[in-house]
Amino acid sequence: MFKKILIAEDHESSSISVQKTLEDLHIFHADYVYYCDDAVAKVKKSIRENDLYDLLITDLSFDEDHREQNIKEGKELIREARELIPNLKVIVFSGEHKSGVIDSLFNEYNINGFVRKARNDSKELKKAIASVYVNENYLPLDLKQEVKKLNSYEFASYDITLVSLLSQGVLQKNIPTYLQNNNIKPNSLSSVEKRLNSLKENLNVASNEQLVAFCKDLGII
């Protein structure tokens, strides 16, 4: 089992929950920090002492307070910690619910596991730690189904660009101008209308506003 774990969590109740989970797994060498900067400092210290962490469990969002911080959120912490210890395993323990965000954590940040804070999260966290220890990525079954559903839509970068422009208040009739100015093709109004209509039909939404809301809920914009 993991020998040395770092937990970055700014809510004491969640830290206590993680601590109990680790004790149940007979893992007693764990350090807890409330700030991302402190987590990085701990990682650097472990390198200096040649006593590296082998697992990081972190939240994604950290409340800001009077203390000035260089690293303010979990994604930055993951990137920084991995630069210092490339083989560091990472489990995200978060209340994040958007399947697009969760999917990007695996694809862009190469995390090893994700557990959503909810009922029975201690049981899921135990499963995640055990799976990640044997080099298997972990995502609870319900979240796997949500991410699979997201991936079944197969949003192209062109689609995301169109919906992002709509979310920024750009009128559909003005989107071709932006596409032309940025050398993005196809950039005719008919092409834009055709693609947006296809997206709405596939996602079973009736308007551009509903399309934007749907994509925001997924976390892809």
Side-chain angles (χ1 to χ4, degrees), residues 6-11 13-15 17-18 33-37 39-40 55-64 69-83 88-125 127-129 131-132 136-169 199-200 202-205 208-221:
L6 178 60
I7 296 92
E9 169 61 63
D10 62 345
H11 289 176
S13 59
S14 295
S15 290
S17 175
V18 175
V33 295
Y34 292 115
Y35 298 92
C36 294
D37 285 356
V40 173
L55 174 65
L56 167 66
I57 299 176
T58 181
D59 200 348
L60 290 179
S61 60
F62 291 78
D63 294 337
E64 294 190 32
Q69 295 292 305
N70 292 317
I71 299 177
K72 300 180 180 180
E73 52 101 20
K75 290 180 181 179
E76 294 179 64
L77 171 58
I78 293 168
R79 184 164 283 153
E80 181 73 15
R82 276 276 180 70
E83 287 182 2
L88 181 68
K89 299 290 181 64
V90 177
I91 294 174
V92 171
F93 183 46
S94 169
E96 177 59 59
H97 67 280
K98 296 180 179 178
S99 52
V101 174
I102 296 169
D103 191 46
S104 72
L105 289 170
F106 284 94
N107 294 327
E108 297 177 27
Y109 293 86
N110 297 311
I111 69 167
N112 305 97
F114 181 94
V115 176
R116 181 186 289 167
K117 293 178 181 178
R119 289 196 183 104
N120 299 317
D121 55 17
S122 179
K123 183 188 298 183
E124 292 294 346
L125 191 56
K127 292 180 182 178
I129 293 171
S131 295
V132 171
E136 294 178 358
N137 284 354
Y138 184 81
L139 188 62
L141 182 59
D142 60 328
L143 295 180
K144 276 185 180 179
Q145 293 171 341
E146 291 181 20
V147 170
K148 183 178 180 180
K149 181 179 179 181
L150 164 69
N151 291 332
S152 70
Y153 295 128
E154 296 183 352
F155 290 96
S157 59
Y158 181 77
D159 302 332
I160 296 173
T161 297
L162 297 184
V163 180
S164 295
L165 290 171
L166 289 175
S167 72
Q168 295 165 24
L199 283 173
K200 286 182 285 189
N202 290 336
L203 300 176
N204 195 29
V205 297
N208 286 345
E209 290 76 15
Q210 290 178 352
L211 176 61
V212 169
F214 184 93
C215 292
K216 283 184 176 179
D217 286 342
L218 287 177
I220 65 170
I221 63 169

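Contacts of N110 classified as side chain to side chain contact (heavy atoms under 4.5 Å, CB included), with partners at least two apart in sequence or in another chain: R82. By the side-chain hydrogen bond (donor to acceptor under 3.5 Å, both in side chains) test, S122 pairs with T21, sequence neighbours left out. Among residues two or more places apart in sequence or in another chain, the side-chain hydrogen bond (donor to acceptor under 3.5 Å, both in side chains) test is passed with N208 by Q172, K200. For F214, the ring pair (Phe, Tyr, Trp, His ring centres under 6.0 Å) test picks out Y153, with sequence neighbours left out. Every residue meeting the side chain to side chain contact (heavy atoms under 4.5 Å, CB included) condition with D159, not counting sequence neighbours, appears here in chain and number order: F155, A156, R195, L199. Every side-chain hydrogen bond (donor to acceptor under 3.5 Å, both in side chains) that K89 has, sequence neighbours left out, goes to N135.
The structure places CZ of F114 at 12.0 Å from OH of Y138, a figure rounded to the nearest 0.5 Å. Taken to the nearest 0.5 Å, the CG atom of L56 stands 13.5 Å off from the CZ atom of F93. The distance from atom SG of C36 to atom CD of Q69, rounded to the nearest 0.5 Å, is 7.5 Å. Between the CD1 atom in I129 and the CD atom in E124 there is a gap of 12.0 Å [rounded to 0.5 Å]. Put simply, CD1 on I220 and SG on C215 are 3.5 Å apart, with the number rounded to the nearest 0.5 Å.
Classification of K117 and E9 as a salt-bridged pair holds, one side-chain N sitting under 4.0 Å from a carboxylate O. The pair D37-K72 fails the salt-bridge criterion, with no side-chain N (NZ, NE, NH1 or NH2) lying under 4.0 Å from an Asp/Glu carboxylate O.
Looking only at distances, no side-chain donor or acceptor of D103 sits under 3.5 Å from a matching main-chain atom of G100.
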